[in-house]
Number of protein chains: 2
Amino acid sequence: MGATIRDVARAANVGLGTVSRVLNNSPLVSPATRQRVLNVIAELNYTPSQIARNFASGKTLTVATIAPFFTRPSVVERLRGIELMLSASNYNLVVFNVETVERRDVCLRDVPRRDRTDGLLVISLSPRPQEVAMLRQTGVPVVLIDTVADGMAGVYVDDVAGGDLATCHLIELGHRRIGFVGDSLEEVQAFNFTSSRNRLRGYLQALERYGIVPNPAYQRHGIHGRYEARVLARELLQLAEPPTAIVAASDTQAMGVLEAARDLGVEIPASLSVVGYDDIDIAEYLGLTTVHQPLFDSGARGVEILFAALSGEPVAPAHELLPIKLIPRATTAAC
Amino acid sequence: MGATIRDVARAANVGLGTVSRVLNNSPLVSPATRQRVLNVIAELNYTPSQIARNFASGKTLTVATIAPFFTRPSVVERLRGIELMLSASNYNLVVFNVETVERRDVCLRDVPRRDRTDGLLVISLSPRPQEVAMLRQTGVPVVLIDTVADGMAGVYVDDVAGGDLATCHLIELGHRRIGFVGDSLEEVQAFNFTSSRNRLRGYLQALERYGIVPNPAYQRHGIHGRYEARVLARELLQLAEPPTAIVAASDTQAMGVLEAARDLGVEIPASLSVVGYDDIDIAEYLGLTTVHQPLFDSGARGVEILFAALSGEPVAPAHELLPIKLIPRATTAAC
DNA sequence: CTGTTAGCGCTTTCAA
DNA sequence: TTGAAAGCGCTAACAG
């Protein structure tokens with residue numbers, strides 16, 4: 001515990017620098033010397049002070065991740081990808097959970113600092129132009145996961161295409177009265193989420209392509225979550241002419257829709273088809289038709305891109321597109 | 001970015017130490033001087049280097065958390081409690097996800113080091129006596145969450161009582177043939193989890209109290225997860241004399257049991273009652289009868305205890321018992 | 001290949 | 001109250 005590099009140097013009868021070289025696997029040490037040093041290190045049970053190394057090298061050996069609502073299954077799965085990748089390196093993962101707009105802004109402002117972290121991953125929260133400028137100024141490499149922003153690097157999926165995919169699936173099953181349940185616009189705007197908005201866009205785009213006039217009464221938005229989605233879906237199902245199918249902006253919200261159907265005795269998929277988004281673990285359990293996206297991989301890939309930046313290569317402000325696909329299950333059927 | 005404490009001192013015409021005192025809110029600075037320094041700090045847009053402060057003070061300002069399978073809903077919820085508590089302090093949360101035994105051992109050995117972290121939280125993984133000794137030797141304050149170990153501090157729930165509670169509920173509903181689906185004993189042993197084992201103990205204890213002879217064929221163990229639980233439950237339900245009720249060691253496993261019932265056309269709760277454990281978010285959605293435990297609070301409380309230790313008070317090697325309760329829902333009914 | 005030296009930017013004595 | 005000075009334990013540049 002108490003042994004320092006100096007103690008080792010003295011005991012091994014070498015210079016301080018030599019010990020440092022051994023510690024850092026420098027090739028500039030003769031095998032004999034190296035062995036001697038290693039022996040002393042073992043004898044003294046010496047471990048270099050991480051904190052001192054960080055200070056001297058100016059690196060923190062941490063990667064910070066800002067994640068909104070990190071208990072959401074989709075976010076957790078991304079985090080797992082991040083953690084697994086990081087665990088194979090010597091970087092540590094520092095997590096910032098964001099559940100309020102204030103914290104979003106604080107995190108985005110304070111976390112990216114060279115003396116706090118070596119690199120930053122941001123999940124789902126898109127930095128605004130001004131924030132992009134600040135981020136860039138800090139010099140901390142940043143990679144966005146599940147969102148894009150001008151001038152930033154990242155991985156994402158085409159949520160417009162995803163919303164389109166979900167909607168097309170329903171249209172091709174013969175549905176014409178198709179509802180949409182998504183995130184509250186205020187919430188989306190405050191956090192600057194992009195996905196729910198884009199999924200809605202995809203939904204509208206699909207309708208248009210098939211010449212279906214979108215019915216504004218069929219589009220509902222509320223705080224993200226099962227409960228709110230349930231309320232919204234109940235409203236939809238109680239319309240004079242209710243939709244025969246509903247596209248939900250996430251699997252969690254799709255679950256709320258399923259609950260609403262259950263509440264009102266609407267049979268799934270006989271009287272109502274439901275499509276979710278994300279393909280979280282439980283979707284399969286529920287037999288939920290959904291749009292699959294590579295959650296785990298998005299985290300892992302984000303780390304890879306960050307590593308590239310960390311190893312000196314300048315981060316190209318390019319966004320890598322990950323594939324999505326529709327997984328038809330038991331909640332959708334012909335109209 | 002580039003300004004250092006020296007620049008500030010020079011510009012404010014004070015000594016280096018005075019600036020430091022201002023930064024640390026020391027009362028030993030005259031209001032006038034303080035103000036002058038603060039002005040300069042603002043002018044220069046100076047922020048102290050966190051990394052240097054850490055080095056000089058010997059603190060990392062991080063709390064490490066070792067969490068097994070942190071994507072499990074119960075674990076995530078504990079983490080949320082931890083994160084929320086930490087976010088109100090100036091400690092950062094460093095997360096280590098453990099999904100293999102090797103990593104468990106490595107984390108428990110390498111993470112707790114004064115130069116790496118100021119404090120350690122360990123979720124669900126009980127350190128063995130030898131590990132307890134090592135942990136203690138490092139001098140890093142450790143708090144266990146959801147498990148106990150001799151000589152360590154922590155918060156936990158009485159899983160024996162919980163298993164008993166679940167089983168009693170069934171017995172009182174008239175069930176006599178009650179099965180148990182829990183974690184694989186090898187897995188439990190390798191990670192040194194305590195809860196599944198204790199829940200089984202509670203199950204047996206309840207049976208005994210009511211004079212029911214436990215049937216070994218009714219007790220099944222498999223890798224934690226929905227899938228394996230489903231397989232095990234299917235076996236149970238296909239016995240010549242199948243149980244009329246099943247206690248699962250977790251809600252996730254209870255879900256597997258529900259799937260098995262669905263597979264075999266067994267009606268819930270008419271022909272089979274099921275009780276879970278944890279009361280994770282989805283339990284309510286599924287109408288799952290379960291044993292509720294304060295997951296979020298366990299994390300938050302763990303941090304509080306750690307803070308006490310961090311602020312100098314020696315950690316009493318005491319375990320704080322959190323309350324549990326049975327939540328009857330729709331998966332249990334009279335036999 | 002190896003030893004020496006100069007910091008990294010703070011916190012914390014110790015005097016004044 | 002304040003200033004000056006001594007490190008914290010290491011990395012990295014430089015001289016040999």
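Chain naming here is simple, since letters A, B, ... match the order of the sequence lines and numbering starts at 1 in each.
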Please tabulate, for the side chains in residues 61-75 of chain A, all donor-acceptor contacts under 3.5 angstrom to protein atoms that are two or more places apart in sequence or on a different chain.
residue	atom	partner	partner atom	Å
Thr62(A)	OG1	Thr60(A)	OG1	2.9
Thr62(A)	OG1	Arg116(A)	O	3.4
Thr62(A)	OG1	Thr117(A)	OG1	3.2

Checklist entry - Leu23(A) and Ile41(A): side-chain contact (heavy atoms from CB on, under 4.5 Å), yes or no, with the steps? => result CA-CA 10 Å; Leu23(A) 291 176; Ile41(A) 286 178; 4.0 Å; yes

Checklist entry - Just how far, in rounded Å, is C1' of dT11(D) from NZ of Lys59(A)? => result 13 Å

Checklist entry - So, is Ser20(B) near the phosphate of dT11(C), with a side-chain N or O under 4.0 Å from OP1 or OP2? => result yes

Next on the checklist: Check this one for me: any side-chain N or O of Arg21(A) less than 4.0 Å away from OP1 or OP2 of dC1(C)?
Outcome noted: no

Next on the checklist: I'd like to know if Arg80(B) and Glu77(B) make a salt bridge, using a cut-off of under 4.0 Å between side-chain N and carboxylate O.
Outcome noted: yes

Next on the checklist: Classify Asp7(A) by what it touches in the nucleic acid, base, sugar-phosphate, or nothing, heavy-atom distance under 4.0 Å.
Outcome noted: nothing

Item to check | No-hydrogen, no-angle side-chain donor-acceptor test under 3.5 Å, Asn54(B) and Gln50(B) | outcome: yes

Checklist entry - Quick one: is dT2(C) close enough that its OP1 or OP2 comes under 4.0 Å of any side-chain N or O from Thr33(A)? => result yes

Checklist entry - With no hydrogens and no angle check, do the side chains of Thr194(A) and Thr147(A) hold a donor and an acceptor under 3.5 Å apart? => result yes

Checklist outcome for this item: Judged by nearest nucleotide, the residue sitting upstream toward the 5' end of DNA chain D, Pro31(B) or Ser57(A), is Pro31(B)

Checklist entry - Which part of the nucleic acid, if any, lies within contact of Gly17(A), taking any heavy atom under 4.0 Å across all strands shown: a base, the sugar-phosphate backbone alone, or nothing? => result base

Checklist entry - In terms of the nearest nucleotide of DNA chain D, which residue is placed more toward the 5' end: Thr18(B) or Phe55(A)? => result Thr18(B)

Checklist entry - Out of dC1(C), dT2(D), dG3(D), which has the shortest distance to the side chain of Val29(B)? => result dT2(D)

Checklist outcome for this item: From the candidates dC10(D), dG3(D), dT11(C), the one with an atom nearest any side-chain atom of Thr4(A) is dC10(D)

Checklist entry - OP1 or OP2 of dT2(D) less than 4.0 angstrom from a side-chain nitrogen or oxygen of Ser30(B), does that happen here? => result yes

Checklist entry - Contact class for Leu16(A) (heavy atom, under 4.0 Å): base, sugar-phosphate, or nothing? => result base

Item to check | Presence of Asn54(B) side-chain N/O under 4.0 Å of dC10(C) phosphate oxygens OP1/OP2 | outcome: no

Next on the checklist: Rounding to an integer number of Å, can you tell me how far Arg36(A) CZ sits from dC1(C) P?
Outcome noted: 14 Å

Next on the checklist: Nearest to the side chain of Leu28(B), heavy atoms from C-beta on, is which of dC10(C), dT1(D), dG9(D)?
Outcome noted: dT1(D)

